[in-house]
Amino acid sequence: MKAMILAAGKGTRVRPLTYDLPKPMIPILGKPVMAYLIEHLHKYGVTEIMVNVSYLHEKIEEYFGEGHQYDVQIGYSFEGYTTDDGEVVPQPLGSAGGMKKIQEFGGFFDDTTIVLCGDALIDLDIKSALFEHRRKGALASVITKEVPWEKVSSYGVVVTDSNGRITEFQEKPSQQEAKSNFVSTGIYIFEPEVIDLIPSDRPFDIGSDLFPLLAEKGMPFYAQTRGFNWIDIGSVTDYWETCQSVLMGEVAHLHMPGIQINDGLWVGLNTSIEWEGTTIEGPVYIGSGTRVEAGVHIVGPTWIGHGSHICAGAKVVRSVLFEYTRVLPNVSLDEMIVFKDYSVDRAGEMKHVSESDPDSWANARDRRSKRRTELSNESTDKIDKRIRA
C-alpha cells in the first residue's frame with residue numbers, strides 16, 4: 001500500500017495561522033499535524049508517500065525533506081509555476097487533479113493507495129480499513145464519521161444504500177438539503193483504476209467532481225464507518241478546541257513533551273520560572289528558553305511556545321501562545337491564540353498587533369524597551385523636523 005497526503009490548500013479558514021504556515025504545518029504539542037500522519041502511516045508499514053504542495057510549499061519540503069528521519073520515502077509534486085521574474089505562483093489543480101499530475105509524471109499510483117488530508121489528527125486502524133476495502137471489492141472507499149446535523153454543511157455528505165455502497169455524494173450541502181449526517185473524513189482508499197477517470201486538462205476535485213462521477217457510473221464505491229479519533233482542524237476555533245483537548249489528555253495517542261516538574265506542569269529545556277507570587281494551574285506546557293517572571297498566573301489548558309516571555313503580573317488563561325510571544329506586565333489573555341503579529345479569540349475574531357492595546361503582547365525577540373508604535377512616532381517626528389528645517 002502507498003499513501004498520498006493532500007497539502008496544497010491555502011487553509012483560509014485557519015488564518016492568521018496560515019499567513020505564514022501551510023495548514024499541514026500547524027503545530028499540535030509543538031509538532032506539525034502532518035508529522036503525526038506520517039508517523040501513523042509508518043506504524044502500519046506504509047513507507048512510500050507522495051505529497052502535493054503549492055501554497056508555502058517550501059515550509060513543508062524543508063521540514064520533512066525526503067522522509068529519512070521518519071524512516072519513510074517522501075516525494076513532492078508542486079502545483080504552480082514560476083514567472084519570468086522568478087516569483088513562484090501557486091496554482092492548485094484540485095485534490096484529484098493533483099493525483100492525476102503525479103500519475104502522469106511517474107506512474108506512482110500502481111497499487112492500492114490511501115489518500116489523506118494533511119490537516120487532521122487520526123488514529124485509524126489502516127489495516128482493518130484496507131481489509132474491508134478489499135473484502136467488498138471496492139475501487140474506492142471513503143472513511144466516514146457521523147456528525148451532528150447542524151455541522152453537515154462543513155463537510156462532504158455521504159449517502160449509501162443498505163450495503164454501504166455510495167449512491168450519492170453531496171459536497172457541503174445545507175442542513176435542509178443534506179440527505180445524511182455521515183460525512184467524509186478526508187481519508188480515502190483508491191485502486192489504480194480510479195485515477196484513470198480523472199481528466200488531465202482542468203482542475204478536478206475529489207469531493208466535488210470525482211465522487212459524484214463514481215456514484216453516477218455505479219462503480220464499486222463504498223463507505224466505511226469506523227470508530228476512531230478524527231480531529232479536523234477546519235477553523236481557528238477548531239484549533240483552539242483541539243489544543244484544549246490534547247492538553248487535557250483526551251487524545252490517547254498524544255503525550256505532553258518536556259519534563260513534568262509539578263502536578264500538571266511540563267517544561268522544556270532551560271526554562272526560567274520565578275515562583276514568588278506565581279501560580280500555575282495545569283495542564284500547562286512552558287517551552288524551552290521561556291522566562292516566567294514573578295507574580296504571573298497561568299491557568300490551563302495552556303501552551304506557551306519556546307522563547308516566550310511572560311512578564312510580571314500577567315495572567316494567561318486557557319490560551320495558546322506561539323513561540324517568542326511576550327505578554328507584557330499585568331496583561332490578561334483569556335482564551336486566546338497569539339501567533340506572531342496576530343491574536344485570535346475563542347470566537348475566531350482576529351486582531352493585528354496594530355489594532356490591539358500597545359501594552360498587551362509583543363515579539364519576545366524584540367529587546368527594545370519601547371514599543372514599535374512609540375518608535376514609529378519618534379521616527380515620524382524626526383522626519384517632520386528635517387522637512388521643516
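These numbers were taken from a predicted model, which means no experiment stands behind them.
- Side chains of L93 and S54 form no contact here, defined as non-hydrogen atoms less than 4.5 Å apart.
- In terms of heavy atoms, S308 sits closest to E323 at OG-C, 4.1 Å.
- Residues E79 and H57 have side chains that never bring a donor and an acceptor to within less than 3.5 angstrom of each other.
- For H40 and Y36, the distance between ring centers is not under 6.0 angstrom.
- Counted by atom type alone, S200 and E104 present one or more donor-acceptor pairs between their side chains at under 3.5 Å.
- For the residue pair S180 and V159, the shortest heavy atom distance occurs at CB-CG2, 4.3 Å.
- Linking Ile, Leu, Val, Met, Phe, Trp and Tyr whenever their side-chain heavy atoms come within less than 4.5 Å leaves F109 and L41 in two separate clusters.
- Between Y239 and F322, the ring planes are tilted. Angles from 30° to 60° get that label.
- Linking ILVMFWY side-chain heavy atoms closer than 4.5 Å, directly or via other members, places F169 and V115 in a single hydrophobic cluster.
- Between the W240 side chain and the D345 main chain, no donor and acceptor come within less than 3.5 Å of each other.
- Under the 4.5 Å side-chain criterion, counting only non-hydrogen atoms from C-beta, E132 is in contact with R226.
- Of the inter-residue distances, the one linking M256 atom CE with L29 atom CG reads 6.5 Å to the nearest 0.5 angstrom.
- No donor-acceptor distance shorter than 3.5 angstrom exists from the side chain of Q103 to the backbone of I195, with no hydrogens or angles considered.
- Remark: side-chain polar atoms of N270 are not paired, donor with acceptor, to backbone N or O of S288 under 3.5 angstrom.
- Heavy atoms of other residues, nucleotides or ligands lying less than 6.0 angstrom from CD of E58 number more than 12.
- In this structure, K151 places its NZ atom where only 12 or fewer heavy-atom neighbours from other residues, nucleotides or ligands lie under 6.0 Å away.
- A cation-pi arrangement is present between K145 and F228, with the terminal nitrogen or guanidinium carbon under 6.0 Å from the aromatic centre and inside a 45° cone about the axis.
- Under a cut-off of 6.0 angstrom, the local environment of CD in E146 is crowded, with over 12 non-hydrogen atoms contributed by other residues, nucleotides or ligands.
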Stepwise side chain to side chain contact (heavy atoms under 4.5 Å, CB included) test for T47 and Q73:
CA-CA 6 Å; T47 59; Q73 291 179 287; 5.5 Å; no
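- You'll find the side chain of I304 stays beyond 4.5 Å of the side chain of V292, heavy atoms only.
- A donor-acceptor contact shorter than 3.5 Å links the side chain of D161 to the backbone of G164.
- Atom CE in M34 sits 10.5 Å away from atom CG in L6 (nearest 0.5 Å).
- Side-chain contact between S153 and S174: absent, with no pair of heavy atoms (C-beta onward) separated by less than 4.5 Å.
- In terms of hydrophobic clustering, with Ile, Leu, Val, Met, Phe, Trp and Tyr side chains grouped at heavy-atom distances under 4.5 Å, V299 and I310 are assigned to different clusters.
- Within a 6.0 Å sphere centred on CD1 of I259, other residues, nucleotides and ligands contribute 12 heavy atoms or fewer.
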Worked verdict on I166 versus L214 for side chain to side chain contact (heavy atoms under 4.5 Å, CB included):
CA-CA 9 Å; I166 297 174; L214 290 171; over 6 Å; no
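- Distance alone, capped at 3.5 Å, places no donor-acceptor pair between the Q91 side chain and the Y81 backbone.
- In summary, the aromatic rings of H309 and Y324 are positioned with their centroids too far apart to meet the 6.0 Å limit.
- Using a 4.0 Å cut-off between charged side-chain N and carboxylate O, K315 and D334 make no salt bridge.
- No continuous path of ILVMFWY side-chain contacts below 4.5 Å connects F131 to V142, so the two sit in separate hydrophobic clusters.
- Cation-pi geometry between K2 and F108 is met: the NZ or CZ atom falls under 6.0 Å from the ring centre, inside 45° of the normal.
- Atom CD of residue E61 and atom CD of residue E66 lie 10.5 Å apart, to the nearest 0.5 angstrom.
- Residue Y285 holds its OH atom at 13.0 Å from CG of L321, rounded to the nearest 0.5 Å.
- How far CZ of R326 is from CZ of R291: 9.5 Å, rounded to the nearest 0.5 Å.
- Minimum interatomic distance between P22 and K59 (heavy atoms only, all atoms of both residues): CD-CB, 3.7 Å.
- Taking the six-membered ring where tryptophan is involved, the planes of Y188 and F211 are perpendicular, since the angle between them exceeds 60° and thus also 30°.
- Summarising the geometry of P24 relative to I60, their closest heavy-atom pair is CG-CD1, 4.3 Å, with the distance given to 0.1 Å.
- Inspection of the S319 and T302 side chains reveals no N or O donor paired with an N or O acceptor under 3.5 Å.
- Residues passing the ring-ring contact (aromatic ring centres under 6.0 Å, His included) test with Y76, sequence neighbours excluded: none.
- Minimum heavy-atom separation, T160 to A223: CG2-CB, 3.7 Å.
- In summary, the side chains of N52 and S77 do not present any donor paired with an acceptor at a separation below 3.5 Å, with no hydrogens or angles considered.
- A donor-acceptor pair is defined here as one N or O able to donate and one able to accept, closer than 3.5 Å; such a pair exists between the side chain of S95 and the backbone of I206.
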Could you go through the side chain to side chain contact (heavy atoms under 4.5 Å, CB included) check for C311 and V327 one step at a time?
CA-CA 6 Å; C311 296; V327 182; over 6 Å; no
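- In this structure, the side chain of D123 engages the main chain of N229 through a donor-acceptor pair within 3.5 Å.
- In this structure, L124 and T185 have side chains that are not in contact, with every pair of non-hydrogen atoms separated by 4.5 Å or more.
- Side-chain contact between D110 and P192: absent, with no pair of heavy atoms (C-beta onward) separated by less than 4.5 Å.
- The closest donor-acceptor contact from the side chain of T278 to the backbone of G295 lies under 3.5 Å.
- Cluster annotation: I187 and V46 are assigned to the same hydrophobic cluster (Ile/Leu/Val/Met/Phe/Trp/Tyr, side-chain heavy-atom contacts under 4.5 Å, transitive).
- Side-chain atoms of R202 and F204, non-hydrogen and from C-beta on, do get closer than 4.5 Å to each other.
- Between H133 and M1, every side-chain heavy-atom pair lies at or beyond the 4.5 Å cut-off.
- At distances below 3.5 Å, not a single donor-acceptor pair connects side-chain atoms of N163 with backbone N or O atoms of R165.
- Counting non-hydrogen atoms of other residues, nucleotides and ligands closer than 6.0 Å to CG of D111 gives a total above 12.
- Atom CZ of F339 and atom CE of M350 lie 11.5 Å apart (nearest 0.5 Å).
- Contact detail for W275 and L265: the closest heavy-atom pair is CH2-CD2, 3.7 Å.
- Not one N or O on the side chain of E150 forms a donor-acceptor pair closer than 3.5 Å with the backbone of Q175.
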Could you walk me through whether M99 and F190 satisfy the side chain to side chain contact (heavy atoms under 4.5 Å, CB included) test, starting with their C-alpha distance in whole Å, then the side-chain angles of each, then the deciding distance to 0.1 Å, before giving a yes or no?
CA-CA 11 Å; M99 296 171 62; F190 292 140; 3.5 Å; yes
